[in-house]
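This is a predicted model, so every value here is computed, not measured.
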Amino acid sequence: MSDAILRDKEESKPSISFIEQFIADDLKEGKNNGRIHTRFPPEPNGYLHIGHAKAICLDFGMAQKFGGKCNLRFDDTNPVKEEVEYIDSIKEDINWLGFDWEDREYYASDYFGKLYEFAVSLIRKNLAYVDDQPADVISSQKGTPTQPGTESPYRSRSAAENLDLFERMNKGEFDEGSRVLRAKIDMTSPNMHMRDPIIYRIIKSPHHRTGSTWMVYPMYDFAHGQSDYFEGITHSLCTLEFEVHRPLYDWFIDQLKTGDYRPRQIEFNRLNLTYTMMSKRKLLELVQEGRVSGWDDPRMPTLCGLRRRGYTPESIRNFVDLIGYTKVEAINDVSLLEHAVREDLNKRAPRVFGVLNPVKVIITNYPEGKVEEVELINNPEDESQGKRMVPFSREVFIDADDFMENPPNKFFRLAPGMEVRLKGAYIVKCEGVKKDETTGVIEEVYCTYDPDTRSGGKTSEKKVKGTLHWVSVSHAIEAEVRLYDRLFDHEDPAGQKDDDYRKFLNPESLKILTGCKVEPSLASARPLDKFQFQRLGYFCIDYDSNPDKLVFNRTVGLKDTWAKINK
RNA sequence: UGCUCCGUAGUGUAAUUGGCAACACGUCUGACUCUGGAUCAGAAGAGUUUAGGUUCGAGCCCUAACGGAGCAACCA
């Protein structure tokens, strides 16, 4: 590559999303005094998942990029669905991802007072009214997307009467569902959301923060934009399904604003992943029905699940970066996520030997009782991780997959008469096997070793096709290994109209292997420590692990060309 | 028979704002290797949903069609 082209490549700006473009344009036009302020507004009704990570990276990322701020705001306007339990987990997950809202932790419920006053002011301006009709009547009067709605008989109540009723609604004088407050906009609007939307409803269950101070609670549309306004948010980034809400968002801001400042809502595409379900409601069902072990089951797309699975925050951020933000409703391939972890873990995870399905290999010409410490590189991608010593002896375990009595062509592993290197140690040659006479299961493999082939020695020039990982029998530590596969065996489990998503649950999504053997250096590993089991994949220590019983989760396998050849 | 949004290699995104359609993942070759991983080198793969229009020139602007998504919760 010529210097000019190289320079060109380095200088070419990474492309920016349409959102970043909008923000840059707003900045150029001098809007909002050049301030950039975003917010991440989760409802505390469940755990955060990777779809939220996409939003978090955008909200905090844009603020960082433009020298602005990003608030954390809990959108807690519906006390019947929300719980404190979720608040802590949400904060933990955002921090884990690597973002910081500093001291700006807000709650929509902080604004219940102001919102109530704003509603009162709309009533006074004759822009809101109390409707006494039941839900189904109101709903049918709204018309359909293709037919205009009709006006409620209560639409022209006097401001005084509305004020009185609204106040009494909040005092608890009326039953839930008996009355609502509606904005008076336009029942014939082509946009359903503008047909006199309900802005307040009566809820008598206590709120997790405000207790029973309030009996009326604002709807999303009456809380979100206003909260943005109260906090001085300049760019309110949300997913595409809120696009049709934007006129209403702007309508309320118009009623509220006093100066030039106004927040702007911009919508982007939600994250969809193949073989994954993102709906919080359905994830909750999986948890409640015991189909997974909890919100942090390593098969869940939740951030706590991914964390337990062994994902790093960097890998998730890189993934989000890779897929970008657009207005196209796309379905991203999970394998891209898997690629992102592999790439990250390749750089950071120390290599170790772990044997999942052990078969004993006896090196018949190796002295009994002798133990050699062989030196192994911890991470060829990162020299600073150093080296370690691993004990080698006459009897070692290898993986059952690495031996075949009657191998096909191009099998570069151990088979009768074939030679392989035991990585870091010697080249061994298979001389025979012992099988269970009735089942045919291989019980022991007999090899001889070539003492001149010790790794690193002068005479180790001999080349063999295969190199195997191994663990010395007398030094091996027992471990349980949990192998995960995708939770669903359908690309789009939630998108099948005729079938319940449960039908697509992958029965093979969890395989627990016991009696696995790992090298002794792993004895002191702690939960969430990450390793590459050489030739197998990336594994991390599970929370269930303890020094007496190590438990590993497989984060993701290595790409396996042999498996592919075999298909 | 409404309104809003969206259509670019298999997938996801780009295209200096109207100037030779590029990148990543995946796929396929090959090299190297004490991880059949990683790494490195290379290749195939779209003429931008369709039809018109404006223009010297259109993925980009205009019109229409086709296809997809969202909108009729006292959810967010």
Determine, stepwise, if the pair A:H245 / A:Y249 fulfils ring-ring contact (aromatic ring centres under 6.0 Å, His included).
CA-CA 6 Å; A:H245 292 242; A:Y249 180 102; 10.0 Å; no

Show your working on ring-ring contact (aromatic ring centres under 6.0 Å, His included) between A:Y217 and A:F222 and close with a plain yes or no.
CA-CA 10 Å; A:Y217 289 87; A:F222 197 70; over 10 Å; no

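Using a 4.0 Å heavy-atom criterion, one finds that A:E43 contacts the sugar-phosphate atoms exclusively. Base contact: A:G424 has a heavy atom under 4.0 Å from a base atom. A:E491 comes within contact range of no nucleotide atom at all, as no heavy-atom separation falls under 4.0 Å. Residue contacts shown for A:F319 are absent, as no nucleic acid heavy atom lies under 4.0 Å away. Within the nucleic acid shown, A:K410 comes within 4.0 Å of at least one base atom, counting heavy atoms only. Within 4.0 Å of A:K81, counting heavy atoms only, lies at least one base atom of the nucleic acid. If you check every strand for non-hydrogen atoms under 4.0 Å, A:L336 touches sugar and phosphate atoms only. In this structure, A:P41 reaches neither bases nor backbone, as no heavy-atom distance under 4.0 Å exists between it and the strands shown. Residue A:T77 is classed as a sugar-phosphate contact, given heavy-atom separations below 4.0 Å to backbone atoms only. The residue A:N45 sits apart from the nucleic acid: no heavy atom pair falls under 4.0 Å. Across all strands, A:R413 comes closer than 4.0 Å to base atoms (heavy-atom distances). A:Q133 comes within 4.0 angstrom of a base, heavy atoms only. Residue A:N191 is classed as having no contact, given no heavy-atom separation below 4.0 Å to the nucleic acid. Residue-level contact check: A:P247 touches neither bases nor backbone, having no heavy atom under 4.0 Å from any strand.
Phosphate proximity of B:A38 to A:K559: present, with a side-chain N or O under 4.0 Å from OP1 or OP2. Contact annotation: A:N269 reaches the phosphate of B:U13 (side-chain N/O to OP1 or OP2, under 4.0 Å). In this model, the phosphate group of B:A72 is not approached by any side-chain N or O of A:S139 to a distance below 4.0 Å at OP1 or OP2. Close to B:G36, at under 4.0 Å from its OP1 or OP2, lies no side-chain N or O of A:K465. For B:C75, one of the phosphate oxygens OP1 or OP2 lies less than 4.0 angstrom from a side-chain nitrogen or oxygen of A:R201.
Nearest nucleotide to the side chain of A:S455, out of B:C34, B:G12, B:G2: B:C34. The side chain of A:T144 sits closest to B:A72 out of B:A72, B:G2, B:G36.
Of the C1' atoms belonging to B:G18 and B:G53, the separation is 15 Å, rounded to the nearest Å. As rounded to the nearest Å, B:A21 and B:G36 have P atoms that lie 42 Å from one another. Nucleotides B:U55 and B:C60, compared at atom P, are 16 Å apart to the nearest Å. Taking atom C1' in both B:U50 and B:A58, one finds a spacing of 16 Å when rounded to whole Å. Taking the P atom of each, B:U17 and B:U13 are spaced 23 Å apart, rounded to whole Å. Separation of the P atoms belonging to B:U48 and B:C61 is 15 Å when rounded to the nearest angstrom. Nucleotides B:G42 and B:A64, compared at atom C1', are 45 Å apart to the nearest Å. Nucleotides B:A14 and B:C25 are separated by 15 Å at their C1' atoms, to the nearest Å.
The nearest pair of heavy atoms linking A:Q21 to A:I16 is NE2-CD1, 3.6 Å. Contact between A:V420 and A:V464 at its shortest, heavy atoms only, is C-CG2, 3.9 Å.
If you measure from atom OH of A:Y47 to atom P of B:A76, you get 21 Å, rounded to the nearest angstrom. Atom CG of A:N379 is separated from atom P of B:U33 by 20 Å (rounded to the nearest Å). Across the protein-nucleic acid pair, A:F268 atom CZ and B:U13 atom C1' stand 16 Å apart, rounded to whole Å. Per the geometry, CZ belonging to A:R421 stands 18 Å off C1' belonging to B:G37, to the nearest Å. Atom CH2 of A:W251 is separated from atom C1' of B:U4 by 20 Å (rounded to the nearest Å).
Salt-bridge annotation for A:K429 and A:D450: absent, with no side-chain N of the basic residue lying under 4.0 Å from a carboxylate O of the acidic one.
With hydrogens and angles left out, the side chain of A:R342 and the base of B:G37 share no donor-acceptor pair within 3.5 Å. Checked by distance alone, A:H193 brings no side-chain donor or acceptor within 3.5 Å of a matching partner on the base of B:A72. A donor-acceptor contact under 3.5 angstrom links the side-chain atoms of A:Q532 to the base of B:U35. Within 3.5 Å, no donor on the side chain of A:Q147 pairs with an acceptor on the base of B:U1, nor the reverse.
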Heavy-atom protein contacts under 4.0 Å, nucleotides 6-11 of chain B, coded B base, S sugar-phosphate only, - none
S----S

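Under the 6.0 Å cut-off for aromatic ring centres, A:Y538 and A:F533 do not qualify, their centroids lying 6.0 Å or more apart. Between A:F412 and A:W562, a ring centre-to-centre spacing not shorter than 6.0 Å is recorded.
Cation-pi geometry between A:R179 and A:F174 is satisfied (NZ or CZ under 6.0 Å from the ring centre, within 45° of the ring normal).
Here the side chains of A:I377 and A:R351 are not in contact, with every heavy-atom distance at 4.5 Å or above.
Annotated as anti: B:U8, whose glycosidic dihedral deviates from 0 by more than 90°. For B:G47, the O4'-C1' to base torsion is within 90° of 0; the nucleotide is therefore syn.
Note on ring orientation: taking the six-membered ring where Trp is involved, the planes of A:Y220 and A:H224 are tilted (angle from 30° to 60°).
Summary of the strand contacts: A:V464 and A:G324 both lie near RNA chain B, and taking for each the nucleotide with the nearest heavy atom, the more 5' one is attributed to A:G324. Nearer the 5' end of RNA chain B, as judged by each residue's closest nucleotide, is the contact made by A:R535, out of A:F242 and A:R535.
Judged purely by distance below 3.5 Å, without hydrogens or angles, the side chains of A:Y116 and A:E167 never pair a donor atom with an acceptor atom.
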